[in-house]
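Comments concern the structure below.
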Amino acid sequence: MIKPEERFMSEGQGYLGSSEIPKTVTHCNVWDWDQLRMIKVIGTAKLFPPDEDVEVPILARFADYLSPEVRAVTVDDRGLITEVSNDPEQDDTYFIGYLPFSTTESLHGCSVIQYSKLQELDRLGPGVDLSGYDDESGFPQKVAFKFNPIRKPRRLQMAWDELNLLKSLPPHPNIVPFDRVVLEDVESRVIGFTVKYIPGGTLDNLKQPFRFKWIQQLTQLVDFLNLDLGIMHQDIAPRNLLIDPDTQNLLLFDFDWAANGEKNLLQGRDDIAGVVFTLYEIITGDTSFTSIPYWDRNMETVQNISEWTCNRELDSDVSTFRNFLNEWVTIRRSPGDMQRYLDAPNRLTWPGLPTPPDYSLPFELGTTVDGETNWVTGPRIRRTAVEKGQYIFHWERPPQSRLKNSGNGV
């Protein structure tokens, strides 16, 4: 089940007037990762001050009880519902023109599966489901299905890059293997991908013992990604590490923040620092550094802590882990390391994100200075795409709590 604190994402507050006037009507669009839909919460500036996202806990109280047709709810200054609206004009969801598989040549060598053949087993997190299907031989498979239902340019780019990166990676004993491209059923458009599901949970669970060989595997993997393939993961953390129960190998997943050479490379988010903060958190359970923006974090701060208080079962002394880590950091921080990364001999390549053909269809957007209809192309909200008769893939689904209560759910 999606963690309650991760379920909702607010797009902020839109004031129909001054935010300093308590009675100013305020619109707040909130995305629900459980039901995969946008709900507009309407109230006043008194209830919804800037940047506090009060709308999230308010919506959380009653989101599971709203009809699927509801597009907006109005609340009073106590956060209680006074009105609901099914008016499609209240729906500000953006249209996503998913790419037809026929136009994505870089993916043509991948195995594919239709969305309808995936059975939802659980909802692991925002944009990630646990799913099952029977393969061509009739054998049941469990996979993590990753998808992006939100039309944000950065999210679309990350989804495209991660899919192409994963399908291009050579098989590696410490990387969760890529499985299939997922296509919707009507027009065979690319809506996501699957990777092998590894049971047992991630290393942010302090009850999971940690072995010395796993930090060795992690540093060797980082060296391979950085210095051989020219890939910087940029999100190494306990939550992105698993232990394969069959091989007892450490596995890394979630490459959506990855950089390829200089492309998407972020200052202060390199994998060396990621390993340092990760090992510290694994051993101590101290997550305080995760709340610090990566550009403000300094790994030397962690390295210079005299004693790492151990709060996890280890198979070696803490000093053994720290000595190994420090020796590896010294090697990787030597002069020329960044250039070695940029000059990686086996750098992976893939094409840029194509522009969906759907966005070339013109639509009306206001009028010109001469009073003529202003025709534009490009991204548009979903209700405009509906008016133009464009094909829309709908993600909406019942809340997981309702499925559980019915006895037929995940």
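- The side-chain heavy atoms of Trp328 and Val222, taken from C-beta on, include a pair separated by under 4.5 Å.
- Using modelled atom types, one side-chain atom of Trp160 and one backbone atom of Pro351 make a donor-acceptor pair closer than 3.5 Å.
- Between Glu300 and Arg333 there is no salt bridge, since no side-chain N of the basic residue sits under 4.0 Å from a carboxylate O of the acidic one.
- Side-chain contact check for Asp161 and Gln157: at least one donor-acceptor pair (N or O, by modelled atom type) lies under 3.5 Å.
- Judged purely by distance below 3.5 Å, without hydrogens or angles, the side chains of Ser288 and Asp286 pair a donor atom with an acceptor atom.
- Taking the centre of each ring, Trp31 and Phe8 stay at or above the 6.0 Å mark.
- Taking OG1 from Thr287 and CZ from Phe277, the interatomic distance works out to 13.0 Å, rounded to the nearest 0.5 Å.
- With no hydrogens or angles considered, a side-chain donor-acceptor pair links Glu184 and Tyr391 at under 3.5 Å.
- Within a 6.0 Å sphere centred on CD of Glu89, heavy atoms belonging to other residues, nucleotides or ligands number more than 12.
- Contact detail for Phe253 and His233: the closest heavy-atom pair is O-NE2, 3.1 Å.
- Proximity of a side-chain donor or acceptor of Asn311 to a complementary backbone N or O of Thr284 within less than 3.5 Å is detected.
- Salt-bridge check for Asp228 with Arg347: failed, with every basic side-chain N at 4.0 Å or more from each acidic carboxylate O.
- Neither side chain, Asn29 nor Glu55, offers a donor N or O lying under 3.5 Å from an acceptor on the other.
- Taking the ring axis of Phe95 as reference, the NZ or CZ atom of Arg382 does not stay both within 45° of it and closer than 6.0 Å to the ring centre.
- The nearest pair of heavy atoms linking Gly132 to Leu121 is N-CD1, 3.8 Å.
- Asp34 contributes a side-chain N or O that, together with a main-chain N or O of Gln400, makes up a donor-acceptor pair within less than 3.5 Å.
- Between Asp358 and Arg380 there is no salt bridge, since no side-chain N of the basic residue sits under 4.0 Å from a carboxylate O of the acidic one.
- Between Pro50 and Tyr15, the closest heavy-atom pair is N-OH, 2.9 Å.
- Within the model, atoms CD1 of Ile2 and CD of Glu6 stand 8.0 Å from one another, a figure rounded to the nearest 0.5 Å.
- Of the inter-residue distances, the one linking Leu353 atom CG with Met158 atom CE reads 13.0 Å to the nearest 0.5 angstrom.
- A perpendicular orientation is assigned to the rings of Phe212 and Phe324, their planes being inclined by more than 60° (bins at 30° and 60°).
- The distance from atom CD1 of Ile175 to atom CZ of Phe255, rounded to the nearest 0.5 Å, is 4.5 Å.
- No side-chain donor-acceptor contact under 3.5 Å links Asp296 to the backbone of Ile292.
- Within a 6.0 Å sphere centred on NZ of Lys152, other residues, nucleotides and ligands contribute 12 heavy atoms or fewer.
- At least one side-chain heavy atom of Trp395 sits under 4.5 Å from a side-chain heavy atom of Ile191.
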- Query: Between Asn174 and Gln220, is a side chain to side chain donor-acceptor pair (under 3.5 Å) present by the stated rule, with each step listed?
  - Reply: CA-CA 9 Å; Asn174 301 117; Gln220 290 167 3; over 6 Å; no
- Task: Evaluate side chain to side chain donor-acceptor pair (under 3.5 Å) for Asn249 paired with Gln217, printing each intermediate quantity in order.
- Result: CA-CA 8 Å; Asn249 282 336; Gln217 291 178 353; 3.0 Å; yes
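- Here the closest heavy-atom approach between residue Leu36 and residue Pro149 is recorded as CD2-CG, 4.2 Å.
- Glu120 and Arg397 are joined by a salt bridge, as a carboxylate oxygen and a charged side-chain nitrogen come within less than 4.0 angstrom of each other.
- Remark: Glu20 CD is loosely packed, at most 12 non-hydrogen atoms of other residues, nucleotides or ligands lying under 6.0 Å away.
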- Item | Verdict with reasoning, Ser131 to Asp129, per side chain to side chain donor-acceptor pair (under 3.5 Å) | CA-CA 6 Å; Ser131 300; Asp129 283 356; 5.0 Å; no
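- Using a 4.5 Å heavy-atom cutoff, the side chains of Asn260 and Ile231 are in contact.
- Between Met9 and Ile150, the closest heavy-atom pair is CE-CD1, 3.4 Å.
- Within the 4.5 Å cutoff, the side chain of Lys40 has heavy atoms near those of the Asp92 side chain.
- Salt bridge Asp256/Lys146: present, at least one basic N to carboxylate O contact under 4.0 Å.
- When all heavy atoms are compared, the tightest approach of Arg7 to Ala63 is NH2-CB, 3.9 Å.
- Between Arg340 and Asp343 no salt bridge is recorded (no basic side-chain N to carboxylate O distance below 4.0 Å).
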- Task: Evaluate the side-chain contact (heavy atoms from CB on, under 4.5 Å) criterion for residues Thr82 and Val75: first the C-alpha distance (whole Å), next the side-chain angles of each, then the deciding distance (0.1 Å), finally the verdict.
- Result: CA-CA 5 Å; Thr82 60; Val75 296; 5.8 Å; no
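- Annotation for Arg78: atom CZ does not count as buried by contact number, only 12 or fewer foreign heavy atoms lying within 6.0 Å.
- Judged by distance alone, the side chain of Thr373 and the main-chain N or O of Thr367 form no donor-acceptor pair under 3.5 Å.
- Within the 4.5 Å cutoff, no side-chain heavy atoms of Val182 are placed close to those of Phe147.
- Checking side-chain atoms of Glu364 against main-chain N and O of Asn374 turns up no donor-acceptor pair under 3.5 Å.
- A side-chain donor-acceptor contact under 3.5 Å links Gln234 to the backbone of Leu266.
- Proximity of a side-chain donor or acceptor of Asn240 to a complementary backbone N or O of Ile236 within less than 3.5 Å is not detected.
- Here Asp135 does not pair with Arg180 in a salt bridge; the nearest charged N to carboxylate O distance is not below 4.0 Å.
- Counted by atom type alone, Trp257 and Asn264 present zero donor-acceptor pairs between their side chains at under 3.5 Å.
- Using a cutoff of 4.0 Å between basic side-chain nitrogens and carboxylate oxygens, Arg332 and Asp337 are scored as salt-bridged.
- In the displayed structure, Lys46 atom NZ is contacted under 6.0 Å by at most 12 heavy atoms of other residues, nucleotides or ligands.
- By the 4.5 Å heavy-atom criterion applied to side chains, Phe210 and Ile282 are counted as neighbours.
- Listed for the Arg312 side chain is a donor-acceptor partner under 3.5 Å among the backbone atoms of Asn205.
- Judged purely by distance below 3.5 Å, without hydrogens or angles, the side chains of Asp271 and Tyr341 never pair a donor atom with an acceptor atom.
- Cation-pi geometry between Arg269 and Trp295 is not satisfied (NZ or CZ under 6.0 Å from the ring centre, within 45° of the ring normal).
- No more than 12 heavy-atom neighbours from other residues, nucleotides or ligands sit within 6.0 angstrom of CD on Gln119.
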- Message: Test side chain to side chain donor-acceptor pair (under 3.5 Å) on Ser85 and Gln90; report intermediate values, then the result.
- Response: CA-CA 8 Å; Ser85 172; Gln90 295 281 15; 4.6 Å; no
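- The structure places OH of Tyr294 at 9.5 Å from CD of Gln267, a figure rounded to the nearest 0.5 Å.
- In this structure a side-chain-to-backbone donor-acceptor pair under 3.5 Å is missing from Arg189 to Gly97.
- Between Thr24 and Thr44 the shortest side-chain heavy-atom distance does not fall below 4.5 Å.
- In this structure, CZ on Phe178 lies 6.5 Å from OG1 on Thr194, to the nearest 0.5 angstrom.
- Side-chain contact between Ile272 and Val329 is present, with at least one heavy-atom pair separated by less than 4.5 Å.
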